[in-house]
Amino acid sequence: MRKTICGLDCEQCDLHETCAGCSETGGRPLGGACVVATCCHDGTCEQHGKFFDVECPLKKQLIAEFNALGIEDMGEINGLNALPGRYINLEYNLSSGQTVKLLDDKKIYLGNQICKKGSDRCYGLAADEHMLLVCEYGDNGTQAEIVVYKRRRVSD
């Protein structure tokens, strides 16, 4: 079994066969930064290697920021998961007709999916050290719309 910086069990990930490894790559297992590994590696988490077992300050702060957005039909966010960008990087159609993707397929973000109240659509949440994204979409990520995309105000 691979050793991870955050303590996550790599064998549970669908990408574990093609992943370069977390510890082996200094927290860049898919070629891009991993928000969890960055948090654990730089000492932000007090218990190195136990990100998912303890109350991480970054995870706690991101949950608070998502909940503070005040999106009326989005329930309260209570947890975030490590999500590879390639799984959550949806395409959005802008009013100009341009199609864009906002995330990096090679990065690992913290995020979640929550059902939109009174609808068959879902909210998708993704965040890293620098930004928050909330989108709304239908089955399998269809008809994706940006609800909130903003830079986080991170103090140094």
Side-chain angles (χ1 to χ4, degrees), residues 1-16 19 21-23 25 27-30 32-90 92 101-155:
M1 185 165 94
R2 282 196 176 111
K3 182 175 183 322
T4 60
I5 293 171
C6 66
L8 191 66
D9 179 2
C10 288
E11 301 301 315
Q12 301 301 312
C13 177
D14 293 342
L15 301 174
H16 80 275
C19 173
C22 181
S23 292
T25 62
R28 302 175 65 83
L30 302 176
C34 171
V35 67
V36 180
T38 301
C39 178
C40 289
H41 190 67
D42 72 7
T44 304
C45 288
E46 293 176 9
Q47 297 187 19
H48 177 79
K50 300 197 182 276
F51 180 83
F52 294 95
D53 298 332
V54 298
E55 192 63 37
C56 169
L58 174 63
K59 185 168 53 171
K60 186 176 180 179
Q61 179 62 37
L62 290 172
I63 289 170
E65 289 178 35
F66 278 123
N67 286 325
L69 293 173
I71 299 171
E72 187 175 319
D73 49 5
M74 183 174 82
E76 184 177 359
I77 307 305
N78 295 311
L80 297 173
N81 306 300
L83 302 170
R86 69 176 1 163
Y87 288 164
I88 60 172
N89 197 10
L90 303 177
Y92 304 96
K101 286 185 168 192
L102 301 174
L103 304 178
D104 181 344
D105 286 349
K106 295 178 181 180
K107 283 186 73 170
I108 298 176
Y109 298 88
L110 282 175
N112 209 335
Q113 174 179 288
I114 187 166
C115 293
K116 183 176 178 179
K117 293 178 181 176
S119 175
D120 60 350
R121 293 176 61 82
C122 293
Y123 286 114
L125 288 66
D128 64 13
E129 306 91 331
H130 308 289
M131 68 83 202
L132 289 177
L133 170 65
V134 178
C135 65
E136 178 185 324
Y137 50 82
D139 289 340
N140 297 315
T142 60
Q143 299 172 334
E145 299 174 18
I146 300 166
V147 176
V148 174
Y149 182 64
K150 66 182 252 181
R151 185 170 60 186
R152 295 183 60 233
R153 289 192 166 71
V154 181
S155 59

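In this text the structure is predicted, and so the values were computed from the model without any measurement.
Exactly one residue among Val35, Val36, Leu58, Leu110 makes a side chain to side chain contact (heavy atoms under 4.5 Å, CB included) with Leu80. That residue is Leu110. Looking at Val148, Leu103, Leu102 one by one, the single match for side chain to side chain contact (heavy atoms under 4.5 Å, CB included) with Met131 turns out to be Leu103. Paired with Val134 under the rule side chain to side chain contact (heavy atoms under 4.5 Å, CB included), one option of Ile146, Ile77, Leu125 passes, and it is Leu125.
A distance of 10.0 Å separates NZ of Lys107 from CD1 of Ile88, quoted to the nearest 0.5 Å. The CG atom of Asn112 sits 10.0 Å away from the CE atom of Met74 when rounded to the nearest 0.5 Å. The distance from the CD1 atom of Ile63 to the CD atom of Gln61 is 10.5 Å, given to the nearest 0.5 Å.
Atom CD of Glu145 sits in a crowded spot, with more than 12 heavy atoms from other residues, nucleotides or ligands closer than 6.0 Å. Around atom NZ of Lys101, more than 12 heavy atoms belonging to other residues, nucleotides or ligands sit under 6.0 Å away.
Counting heavy atoms from C-beta on, the side chains of Tyr109 and Asp104 come closer than 4.5 Å. The closest side-chain heavy-atom distance from Ile114 to Cys122 is not below 4.5 Å. Between Ile108 and Arg28 the shortest side-chain heavy-atom distance does not fall below 4.5 Å.
When every heavy atom of Tyr92 is checked against every heavy atom of Leu133, the shortest pair comes out as OH-CD2, 3.8 Å. Residues Ala127 and Leu132 come closest through the heavy atom pair CB-CD2, 3.6 Å.
The backbone N or O of Gly85 lies less than 3.5 Å from no partner atom in the side chain of Asn89, so there is not a single donor-acceptor pair. At distances below 3.5 Å, not a single donor-acceptor pair connects side-chain atoms of Asn81 with backbone N or O atoms of Leu83.
A donor-acceptor contact under 3.5 angstrom links the side chains of Asp73 and Tyr123, judged on distance only.
Listed by first then second residue, pairs satisfying side-chain hydrogen bond (donor to acceptor under 3.5 Å, both in side chains) with a partner in residues 132-141 read Gln113-Tyr137, Lys116-Glu136, Arg121-Glu136, not counting sequence neighbours.
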Subject >> Step-by-step salt bridge (Lys or Arg N to Asp or Glu O under 4.0 Å) determination, Arg152 to Glu129 >> reply: CA-CA 7 Å; Arg152 295 183 60 233; Glu129 306 91 331; over 6 Å; no

